[in-house]
Amino acid sequence: MNDDRPTPEQMLARVQTEAPSAGRARRRGRLKLFFGYAAGVGKTYAMLQAAQALTKEGRDVVAGYVEPHGRPETESLLQGLECLPAFTISYRGATLREFDLDAALTRRPEILLVDELAHTNAPGLRHAKRWQDVDELLAAGIDVYSTVNVQHLESLNDIVAEISGVVVRETIPDEVFDRADDVALIDLPPDELLVRLRQGKVYIPQQAAYALEKFFRKDNLVALREIALRQTADRIHEDVEVARRSAAAKVPWPTYERLLVCVGSSPTSAKVVRAAKRLADRLDAPWVAVHVETPQATGMSEDDRQRLYQHLRLAESLGAEVVQISGADVVGELLQYASSRNITKIVVGKTDVPTRWWRPARRSLVERLVRDSGKIDVFVVRGVGQPIALNVAATGHGVAGNIRPWLGTAVALTLATLISVAIDAIGFTEANLVMVYLLAVVAVAARYGALPSVAASLLSVLLFDVLFTEPYYRMTVHDTQYLLTFAAMIVIGLLASTLTARVRYQAEVARRNERRTEALYRLSRRLTAIAKTSELIEEAERTVSEVFDAYAVVFLPDDQGRIRPVMGHLATFAASAAEFVAAQWVLDHDEPAGHGTNTLPSAQALYLPMATPNGVVGVLAVQPQDARESPSPDVRHLLDTYATQIAFAVERIQLSDESHQAAVQIETEKLRSSLLSAVSHDLRTPLAAIAGAASSVAESFDSLDATTRRELLETIREESERLTKLVENLLHMTRLSSGPITLNRQWQPLDEAIGSALRRMERQLVGREVRVEIAEDLPLAHLDDVLIETLLVNLIDNATKYSEPSSSLEICGEPISGGVAVEITDRGRGLVPGDEDRIFEMFYRGADAKPDRRGTGLGLAICQAIVRAHGGTIEARNRPGGGTVVRFVIPSDGSPPALDFVVAEQSRP
């Protein structure tokens with residue numbers, strides 16, 4: 001079999017690399033960016049040079065929009081290129097030149113030049129940003145050349161602002177830069193750029209002098225140049241990784257250094273880790289600390305295990321990425337991982353431990369690593385000669401400390417022997433007896449691991465020789481052919497035991513990974529279904545406590561960013577002042593602290609920051625049931641993952657709350673603006689009428705006849721009443737919308753409230769027929785008479801405003817199940833379809849409301865608030881034959897006292 005075949009992952013990377021480029025040739029254009037660190041480095045010049053070269057090759061190149069900035073050398077490169085006319089637009093008295101997107105789409109050249117990708121378009125154009133114009137061009141299959149500076153990348157905007165002190169307003173999403181098919185870095189030393197600036201080749205002299213004082217200082221330019229170079233280098237590295245994976249490379253491509261250090265439980269590992277750190281610093285390279293967990297490591301003593309954890313924590317504290325992988329072959333797993341991460345150097349330790357006499361020819365880990373490493377450099381660090389004592393029982397307990405595997409092995413061999421004796425008596429061949437013993441060896445390997453299975457293999461050969469071969473009951477062999485049988489039994493037994501133990505170990509690793517994945521899935525599923533912070537914290541603490549067999553506490557900061565003790569918690573450490581100091585430190589520094597770390601190690605719990613890209617939202621504290629235990633690096637990584645999951649869930653709820661508060665604030669501002677607009681108009685109108693009438697009476701009292709004086713005084717009275725009603729409505733609306741109100745509900749006849757409302761509206765109802773019909777069996781209504789009277793006054797007033805003065809008005813009351821219902825009917829124009837619900841909104845006056853009709857649009861909103869305060873409903877509908885019907889229901893709380901009613905029928909001329 002050819003070992004150089006690409007893996008499925010490498011084949012997928014190749015497909016993902018080649019498919020988009022093939023698809024772009026048919027569906028989407030290609031984007032090439034000329035990238036620089038500041039204006040004046042020559043981006044537009046380089047773009048035009050490339051365009052001229054393509055034109056000479058016969059390519060269809062068009063200049064869609066190029067900004068020469070008055071530079072003669074740039075303008076000269078436009079000669080010979082087809083240029084699209086600029087789109088002119090007037091804005092605030094100025095005429096602006098913009099890129100004509102529609103003209104470019106109509107022309108459809110092969111390559112289009114569009115300068116200044118981060119430009120903000122003038123208001124009124126199709127897109128707000130020029131990069132959106134370019135995206136539409138690419139979607140149309142047109143290749144685009146464009147220019148952009150590093151300060152215009154959105155993710156670098158704040159960094160540039162901190163360095164230069166200048167906030168760049170025009171930015172492009174990083175995704176636009178990342179999706180570019182080609183990026184050409186246009187570089188110029190800062191000193192040369194400053195010379196060009198002083199010579200007027202970048203800006204006109206006045207602008208150049210200002211730029212030299214602000215943005216174009218040498219320290220700024222040097223920093224921006226480094227950022228641009230790093231951004232380009234990162235992009236190139238990503239391209240290299242994609243190319244390496246697509247080429248199915250078996251060896252690293254040393255485009256830059258990356259170190260891997262092997263970490264184990266040997267005392268030498270600490271020295272090796274520190275040596276790797278020094279080497280990484282000298283090479284300015286990232287480094288990874290890797291521990292390979294093998295089946296034999298399950299028998300590691302507790303001291304060795306704690307030493308391993310200390311070494312991994314040391315590597316993490318020194319800045320390494322800590323990784324734990326599983327496998328039976330340490331060297332093979334290390335080299336495979338190194339190849340996947342493009343590792344160029346491996347650092348490994350070597351001790352002067354004597355070679356064991358029973359395996360003198362076996363190569364050491366270092367020898368195999370050097371032999372198989374290929375093009376990866378291997379650095380060997382000599383350590384202290386101290387052998388590691390490993391107990392190889394697969395159960396993880398010492399051989400002397402646990403006799404159960406050996407008893408199980410004895411039982412299995414005893415049963416195999418008894419079965420063999422029984423079937424030998426029946427006449428089965430010796431091959432069947434061998435199979436019985438091999439079955440016992442496999443069973444021991446599956447149940448107890450490697451060492452008991454090896455012992456079972458040897459003992460099964462011995463038992464077979466003594467009991468079933470001549471001479472019987474002696475450890476001698478009469479027939480030499482049995483030597484081959486014995487050898488086959490030993491080899492097959494050892495292979496079966498080894499393979500079974502390996503499968504058992506791999507199954508255990510798979511089960512462990514499955515449990516972790518299932519626990520993370522369970523946590524994520526639970527957290528996404530919770531909408532309250534308190535419930536989320538409770539669920540998170542319970543889940544973490546169950547999974548890690550520990551006490552868990554989630555600390556969230558208050559509005560001042562301070563952690564407070566949690567009183568009454570099951571985990572008593574949550575109320576300790578010393579403990580929440582550790583939590584506060586983690587919140588402030590975004591680093592782990594507490595038990596098992598080098599920061600505040602005396603704390604009772606391990607404190608982990610719950611961090612998101614927007615900052616630290618809280619702290620997760622975990623206290624093991626056994627205070628002497630320290631979490632392993634593997635558990636630490638899983639805890640970090642839990643902390644991140646909880647952090648995102650907390651941030652989601654916080655963002656939801658902030659969004660709700662923002663919506664409420666926006667609605668409040670809209671309400672305030674509407675209220676001010678409506679009130680200012682409706683207050684000004686009656687006040688103006690009152691002031692005008694009063695001034696006329698005061699200034700011309702003697703010259704006015706009695707009729708005129710009476711009319712002016714009547715105007716003052718009418719407008720005062722209108723003003724009083726407006727203020728009353730505002731007060732009612734404020735009271736009803738400020739929160740739950742206390743109703744003074746009493747049992748009383750409904751006709752009294754109707755009669756009181758009609759008396760208040762007597763002047764407005766002059767000349768109008770009003771019919772009041774109340775059912776004979778109408779019970780007492782349980783209501784607040786003051787609010788119900790206000791409700792009826794507003795409904796009657798609304799009916800008079802939207803109907804002719806000569807039309808009739810009907811008020812009907814009837815009993816319903818659990819309360820009373822009232823209908824007020826007019827013969828006006830009725831409602832516009834769709835306004836049935838909207839007329840109860842504040843400040844809404846109907847789609848057909850006339851501008852000269854007075855009113856704030858609060859009356860029906862007040863009516864709805866009053867009805868809802870009583871627990872009732874209100875609705876409006878069109879009346880057959882024309883007009884509007886408003887019906888409201890007031891439910892009764894309990895049973896009314898018995899009272900005889902007389903049918904009331906009133907008619908007003």
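- Counting heavy atoms from C-beta on, the side chains of Val66 and Leu78 come closer than 4.5 Å.
- Taking the side chain as every heavy atom from C-beta outward, Ile839 and Tyr802 never approach each other to under 4.5 Å.
- Shortest non-hydrogen contact noted between Leu81 and Leu77 is CD1-O, 3.7 Å.
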CA sep, side-chain torsions, deciding dist, call: Leu221, Arg225, side chain to side chain contact (heavy atoms under 4.5 Å, CB included): CA-CA 6 Å; Leu221 297 178; Arg225 188 187 189 198; over 6 Å; no
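- Checked options Thr147, Asn149, Asp115; the residue passing with Lys43 is Asn149 (criterion: side chain to side chain donor-acceptor pair (under 3.5 Å)).
- The closest side-chain heavy-atom distance from Phe34 to Leu48 is not below 4.5 Å.
- For the side-chain contact (heavy atoms from CB on, under 4.5 Å) with Leu138, the lone residue among Leu112, Val144, Asp181 that qualifies is Val144.
- The two residues Lys32 and Ala184 come nearest to each other via the heavy atoms CE-CB, 4.1 Å.
- Residue Pro123 comes nearest to Ile89 through the heavy atom pair O-CD1, 3.3 Å, listed as atom of the first residue, atom of the second, then distance.
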Side chain to side chain contact (heavy atoms under 4.5 Å, CB included) between His152 and Leu117, worked out: CA-CA 9 Å; His152 295 298; Leu117 185 64; over 6 Å; no
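- Look at Glu170 and Lys129 and you find no salt bridge, because none of the NZ, NE, NH1 or NH2 atoms lies under 4.0 Å from a carboxylate O.
- Salt-bridge check for Asp100 with Arg107: failed, with every basic side-chain N at 4.0 Å or more from each acidic carboxylate O.
- When all heavy atoms are compared, the tightest approach of Ile142 to Arg108 is CD1-CA, 4.0 Å.
- Ring pair His119/Tyr65 is parallel by interplanar angle, where below 30° counts as parallel and above 60° as perpendicular.
- Listed here is the closest heavy atom pair of His127 and Glu136: NE2-OE1, 2.7 Å.
- Inter-residue side-chain proximity for Tyr37 and Ile227 is flagged as unmet; no heavy-atom pair is nearer than 4.5 Å.
- Residues Leu113 and Val62 have side chains not in contact (no heavy-atom distance under 4.5 Å, counting atoms from C-beta outward).
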Step-by-step side chain to side chain contact (heavy atoms under 4.5 Å, CB included) determination, Leu105 to Leu137: CA-CA 7 Å; Leu105 292 172; Leu137 293 169; 3.8 Å; yes
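- The two residues Glu154 and Pro173 make their nearest non-hydrogen contact at CB-CA, 4.3 Å.
- Using a 4.5 Å heavy-atom threshold, the side chains of Trp131 and Ser146 count as separate.
- Crowding of Glu57 atom CD: a count of heavy atoms from other residues, nucleotides or ligands under 6.0 Å exceeding 12.
- Ion pairing of Asp657 with Lys532 is absent here, as no side-chain N (NZ or NE/NH1/NH2) approaches a carboxylate O to less than 4.0 Å.
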Leu587 and Phe555: CA distance, side-chain angles, deciding distance, side chain to side chain contact (heavy atoms under 4.5 Å, CB included) verdict: CA-CA 9 Å; Leu587 181 73; Phe555 292 95; over 6 Å; no
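- A heavy-atom distance below 4.5 Å is not found between the side chains of Leu156 and Gln151.
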